[in-house]
Amino acid sequence: MTKLVTLTIDDQPVSVPAGTLVVDAAKQIGNDIPVFCYHPKMEPVGMCRMCLVEIGRPMVDRGTGEVLLDENGKPRIQFGPKLETACTTPVSEGMVVRTQTKVVADARREVLEFILTSHPLDCPICDKGGECPLQNLTMGFGPGQSRFLYDDKIHLAKHVPLGELIYLDRERCIQCARCVRFQDVIADDPVIGFYNRGRRLEIVTYSEPGFDSIFSGNTTDICPVGALTTADFRFGARPWELKSSASICTHCPVGCNLTFNTRREARAGGNPVIKRVMPRQNEQVNEIWICDKGRFAYHYTESPQRLTQPLVRRGDGFEEISWEEAYQLAAQKIRASQNLLTLTGGRLSNEDLFNLRELTLARNGQAVLYSDMAGGDLTASYGLAPGSNFGSMGKETAILVVASDLHEEAPVWWLRIKAAAQRGARLIVLNPRSTRLDKFATHTLRYAYGEESQALATFLPGAAVPEAYQAAVQEFHSAENAVIVYGSEGAGLAASQGLAQTAAAILAARGKVGQVNNGLLAVWQRANDQGAWDAGFRPVEDLPAALRNVEVALIAAADPAGDDPLLAQALEETGFVIVQELFMTETARRADLVLPVQAFTEREGTLTSGERRVQRFYPALPPRPQTRPDFAVAAGIGKALGLDLEGRAASLVFLRLVKTLPAYAGLTYTQLAEVTPQYPIIGRSDLYYGGTAYDNHQGLGVQLPLLPAARPVAVGQSQTAASVTAGEGEILLVPVTRLYDRGNTVLPSALLHQRLAGKTIRLHPQTAAAFGLNAGETLRLSRDGWSAEAQVELDEEVPLKMALAVRSTGIPCSALSAVRLERLTVASAD
Amino acid sequence: MSQHILLRHRDIPHLDRLEVYQQHGGFEAFRKAVTSLQPTEVIQVVKDSGLRGRGGAGFPTGLKWSFCPNTIWPHYVVANADESEPGTFKDREIMESNPFQFLEGLMIAAFAIQANTAYIYLRGEYWHIGKLLDQKIAELEAAGLLGEGLFGTNYSLRLYTHMGAGAYICGEETALLESLEGKLGQPRLRPPFPAVAGLYARPTVINNVETLANVPPIIQNGAAWYRDFGTDKSPGVKIFSLSGHVNRPGNYELPLGTTFRELIYNYGGGIPEGRNIKAIMSAGASSTLIMADERALDTPMDYESLVGLGASLGSASVIVLDETVNMAWLAQKTTHFFKHESCGKCTPCREGTYWMTHILDRIVAGKAAEADVELLQAVAGQMQGKCLCALGEFSILPVLSSIQKFRSDYLEKVATPSLEVQS
Amino acid sequence: MNALRAQYPEEVERILAKYPAERKRSAVMPLLYLAQRAEGYIRAQDLRDIAEICEISITDVASIVGFYTLYYDQPLGRYHIQVCTDLPCALRGAEDFLRQLSEKLGIGVGETTPDGLFHLEEVKCIGACHRAPVFQVQGDGEIVFHENQTVETALAVIEALREQARAAKGEQA
Ligand SMILES: Cc1cc2nc3c(=O)[nH]c(=O)nc-3n(C[C@H](O)[C@H](O)[C@H](O)COP(=O)(O)O)c2cc1C
Ligand code: SF4
Ligand code: FES
């Protein structure tokens, strides 16, 4: 426990831990000291001088070290000759702070006047108007009239793109360096900086592309004025016109809390449209940050390409039918079939998955999760224990990350694990190639693709440890807490199952199961994969065979045909294909019945994050006419089959779900919507300004309890993966995950197109040379049943005879596999 | 003074040559320190000598050296050779003509805090000095005076020069450290002080070139010897950089406590063309203007007496201003300097210097009203005590003191206004 | 390939050797001087090269160029004639000296002679107050002081530089 220090602020005593800054101590008793440069998530710099206050300290007798008392027996307080910055001054015992005196008020007015000398005062057209501390402060403390001659004002560029996502208004910038410090210290992407000095200081970027950081949008939140805005929201609306709806990001397993801001617009026929996506504070999940994918990739939900009518196949085309006809047709096919396969993607909510599961089980069907990654049964028993929080991990914790490029796969986990490492957590990174996490790792270990489980197994107590691993293994075993994070870099189902099993075995052997800040974490490929596992969906190793063999396939939120020609072929052989989708995907194109569903912005539900936190999302927009939520569609089909499924509301489905799924037992929507006070207090209209991240009034979610393991865990073996070898003319194709892939929920956001992963494969220059390939050339990959073209990228880090391919870019790569590689003979110019 | 202590090259030809310097006792102090004194003994002698920093702040040098915690290593010494205060050119002469005495002082400082690496941060304009010092350092290495295991002990030392690139603020010690770390030259928050967390967050002593040049003779001759010069509270000698309206501008090494009159009239040869002296700046551009009356002229130049005049000794850069100078013009000159040099980190300095120059430009151009003088004073007053570092605080000194003491100069500018109404 | 390293292999190593291996960032200023030597200004490629050597971002390197006045981000003439007109110099006629020099050179302050050789600048105190009027010439990787100047002596210095440049060009051709 840190020592408590008692001080008085404006005659009010307050006790805070030693080391607390005066500005934060004041905030705790509701005293907002205005700040610009200070941000509670960053070290103070004392630049803007806005937070000046009077600070006095008890006088001490130099000789005896005793506090001197006045005639009333009270400590004599000495005030310094100057005001002090509350943001840089730590509290001390007996300190007396005055924030309401005339001197302080004068100082606030004076510093503010200085800031305003260069400011354009263009609040009426500023995006920040209404949530700007400079505006608020000027109202509160500002000089009524400017003493600075208008002619002397500095005029600077107002529309400077720092990249395609973020714009800078140079006139509005008050040089507080929040953005620069965020990028440097928190995001570790020091790609924006100051140029010039003095009054000419300006924010610049020299990266390519400009402002090259997947966290760039956060700077627009913490910028205390309207200097930084997103290309998405700039001139889009005024903050006070916006309605806000709480939501959860569906792009990765972190489950960042979001707020959608909407406004009614003529272009939507007077309906609300989303104007921007903002982070919502959840200190246990995303704090106040989100990545740019979460912020900018929502546009798919408003795409004009969305499906809006149930469609039935007629010859080569589709014909619109009514929902009732659609349900009847689906039911008829299912009833007539011997076997049903339900294939779901982890984008679906728990309610959707639950109804699909009930429907499937009632028909003795197979509930299949569309994923290359396994281990969700193990995370349910060996996962992070409730109460675990990266934000509270420090030197007592060892975090082992294996087979994952976290920066790409789960950006906010990367951010928080990096921060934990900087606080002293021992970070061990095992990956075949370097990743952005290495820099913060205490130990960086390499293994060959395909050998992830063997590599991890060296961390089993008593295992034989190769020299290179010894220090790391020792470090891991000496830590009080242990977290293992595993992903699917280079790994398919079998390999990731092996990894999960090995990891679980290590944790079990070390007794690190069920305690706070211990456990297993899967870097799922989709937001609700964990929820799908919990609902009983399981990936299958040979999906093409499974599809070929069923009479009816019900596919929701998955596009197997788009990802893999083999799956597309398999679907051709499936008896009857029903697809619940947002878009006319490749899979939908091959379906017999296509059912248009609602986007997560249009409905409510819950998602279970990788940390097994169940969180609610709420509707932000009215649904498109004729679309239905997936759970209702499943219920509709079920009803037509004579089943008792709940389809009226997500909350009602949840009532059934909690009665069925043991880990969810007893949970209620009300509970999920509960909030407790969070620190720092980042209130948006405060003068103590944390930024425009939203307060959380709609729920912090609940972390699920761990289930008892069905049987003792055995060390996993990835028999298949390890034995894959490349023959003559072949290479091993290694699947990796990138944040900006070309998936259905990314592509429609035109704003991100510059940053999307290309249809490329990465080779070692020697491998490329062996195939006669140069950078940028086109090659053909092929394997029984499919072939694909891709561009060559060279990378010395890629192991020989291997090729890295990004998932969801059109190159089928669900697991480490041998493929033929040929140079495409292009008609040469000379 | 017949015999110089710091500007000894004026007495001894070719003192910038190693063999000459050594013939005149050069590096005996360093050898003595390394071979026969404990670091704490070295620090004690410097403490006893009463030597205070010559870079401007006048902080007791020995005391500063004693602050480095022995729990954090390595330690560093950085010589502040950024010399950029307008009117200051003393460190330059030392380094150009008596480089070894400075280097020896730096080496003794390094030994005193057991640093094995020392940097010399030179202003970029002193390019030729950078080359020269690199050469001298190479000679010292060749002569076995720098390097590993000096004089058969296990003490090792390396010196390196590092060129600044045109930024006055880098003379401020924490901005200097940032710059040396390859960052923008913007001051750091204090605490922690450099003695605890300086270069690369390690304990670091930063001393001015002149301060360091004092050290070898002090070690050689003892603290008592040094105290024979100067006053009781300001012992020793000081180099006064004399510039402006004097017949013989230049550096003068004199005991602390010498009067302005002596410096300006005896050494500096008085004011050109028999004009009258109007004001004095004692600390370069960062000065409170001293009205050059009889009392001021007879004031001894030492740390304490100047405070009595409401001014400060600073780096003892004495700029003489005769009766032809309009003080509003002078303030315009200095604010332009500070505006140009403001690093931009803190609001009051960044905006205040900018605003003051705008007002002063208008005043000097005859385009201002008397109310603008009040405004100027208000703006300067509004900066006071709010800046992150001393640059901003310095910038208001000539402004406030010129308005206070030479208001008529301003009125002259605003009384003859060409106040066309601006359209 | 790192062009700066290729061009000045020894200098780069010598510079890096001054600082602890894990503090390469400290080398950014000397490396910028090195990069500026050839063309008199810092090119985009130099920023990239230095960022790579110092293991920092390109923006971090550019920030340094922007902050310090002796680095240039564009070609402004081979020799920068930097005349001090700060207070002590101004008291000794520096402003007049600059005005005359500007007239004689036929370019304003902040301008470059048509042959691209000389760029005239007004600078703050350069530490030669007692020898005003003074100027320094920044160019060819050096900075050289010229003190106790008159317009005539200054023009002679400039003429000599012009001659030197012409000779160097002749040699190259
Ligand atoms: C704006 C500013 C500029 C300064 N410039 C210099 C300088 O050029 N040279 C110098 O030695 N000290 C300069 N100083 C003082 C240094 O910060 C520091 O006090 C000094 O180097 C300590 O050395 P000393 O104790 O030997 O004087 C400057 C201070 C400020 C605030
Ligand atoms: S006073 Fe402020 S802006 Fe000025 S130099 Fe110091 S820190 Fe920089
Ligand atoms: S100086 Fe304290 S908030 Fe900026």
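The structure presented is a predicted model; accordingly, all values stated were derived computationally and were not measured. Note on naming: letters A, B, ... go to the chains in the order of the sequence lines (proteins, then strands), and numbering restarts at 1 for each one.
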Before you tell me yes or no, could you show the steps for B:K333 and C:E95 under salt bridge (Lys or Arg N to Asp or Glu O under 4.0 Å), namely the whole-Å CA-CA distance, both residues' side-chain angles and the distance that decides it to 0.1 Å?
CA-CA 11 Å; B:K333 268 296 188 205; C:E95 291 177 323; 2.7 Å; yes
So C:E147 and B:R92, salt bridge (Lys or Arg N to Asp or Glu O under 4.0 Å) or not? Walk me through it.
CA-CA 14 Å; C:E147 306 178 315; B:R92 179 182 161 193; 2.6 Å; yes
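Ranked by heavy-atom pairs under 4.5 Å with chain B, the list C:V28, C:V144, C:V61, C:I64 is led by C:I64. Per-residue heavy-atom pair counts under 4.5 Å with chain C were compared for B:S179, B:A167, B:A285, and the maximum is reached by B:S179.
For C:A17, the part lying under 4.5 angstrom from a heavy atom of chain B is the backbone only. Contacts between B:V325 and chain C at a heavy-atom distance below 4.5 Å involve the side chain alone, from C-beta outward. Looking at B:K183, the atoms closer than 4.5 Å to chain C (heavy atoms on both sides) sit in the backbone and in the side chain alike. Interface residue C:E142: backbone and side-chain heavy atoms are both found under 4.5 Å from chain B. No part of B:T324 comes within reach of chain C, as not one of its non-hydrogen atoms sits under 4.5 angstrom from that chain. With a 4.5 angstrom heavy-atom cutoff, B:E125 touches chain C via backbone and side-chain atoms both. Of the two parts of C:Y19, the backbone and the side chain both hold a non-hydrogen atom closer than 4.5 Å to a non-hydrogen atom of chain B.
Nearest heavy atom pair, residue C:F67 against residue B:G185, reads CZ-O, 3.2 Å. Minimum heavy-atom separation, C:L91 to B:V320: CD1-O, 3.8 Å. Counting all heavy atoms, side chain and backbone alike, C:C125 lies closest to B:R123 at O-NH2, 2.7 Å. Across C:C129 and B:T88, no two heavy atoms sit closer than the pair SG-N, 4.0 Å. The nearest pair of heavy atoms linking C:Y68 to B:A165 is CB-O, 3.2 Å. The two atoms that bring B:L184 and C:S63 nearest to each other are CD2-O, 3.4 Å, heavy atoms only.
Rounding to the nearest 0.5 angstrom, the gap separating the NZ atom in C:K124 from the CZ atom in B:F337 is 8.0 Å. Atom-to-atom distance recorded for C:M29:CE and B:C170:SG is 6.0 Å, nearest 0.5 angstrom. Rounding to the nearest 0.5 Å places NE2 of C:H130 at 10.5 Å from CG of B:L242. We find the CE-CG distance between B:M163 and C:L70 to be 8.5 Å, quoted to the nearest 0.5 Å. Here CD1 of C:I126 is found 11.0 Å from OG of B:S84. Values are rounded to the nearest 0.5 Å.
Inter-residue side-chain proximity for C:R25 and B:E181 is flagged as unmet; no heavy-atom pair is nearer than 4.5 Å. Counting only heavy atoms from C-beta outward, the side chains of C:L87 and B:M281 approach each other to under 4.5 Å. You'll find the side chain of C:K18 reaches within 4.5 Å of the side chain of B:T161, heavy atoms only.
Ring geometry, B:Y126 versus C:F145: the interplanar angle falls from 30° to 60°, so the pair is classed tilted.
Judged by distance alone, with hydrogens and angles left aside, the side-chain atoms of C:R92 form a donor-acceptor pair with the main-chain N or O of B:G244 at under 3.5 Å.
Side chain to side chain, C:S26 and B:Y119 fail the donor-acceptor criterion of an N or O pair below 3.5 Å.
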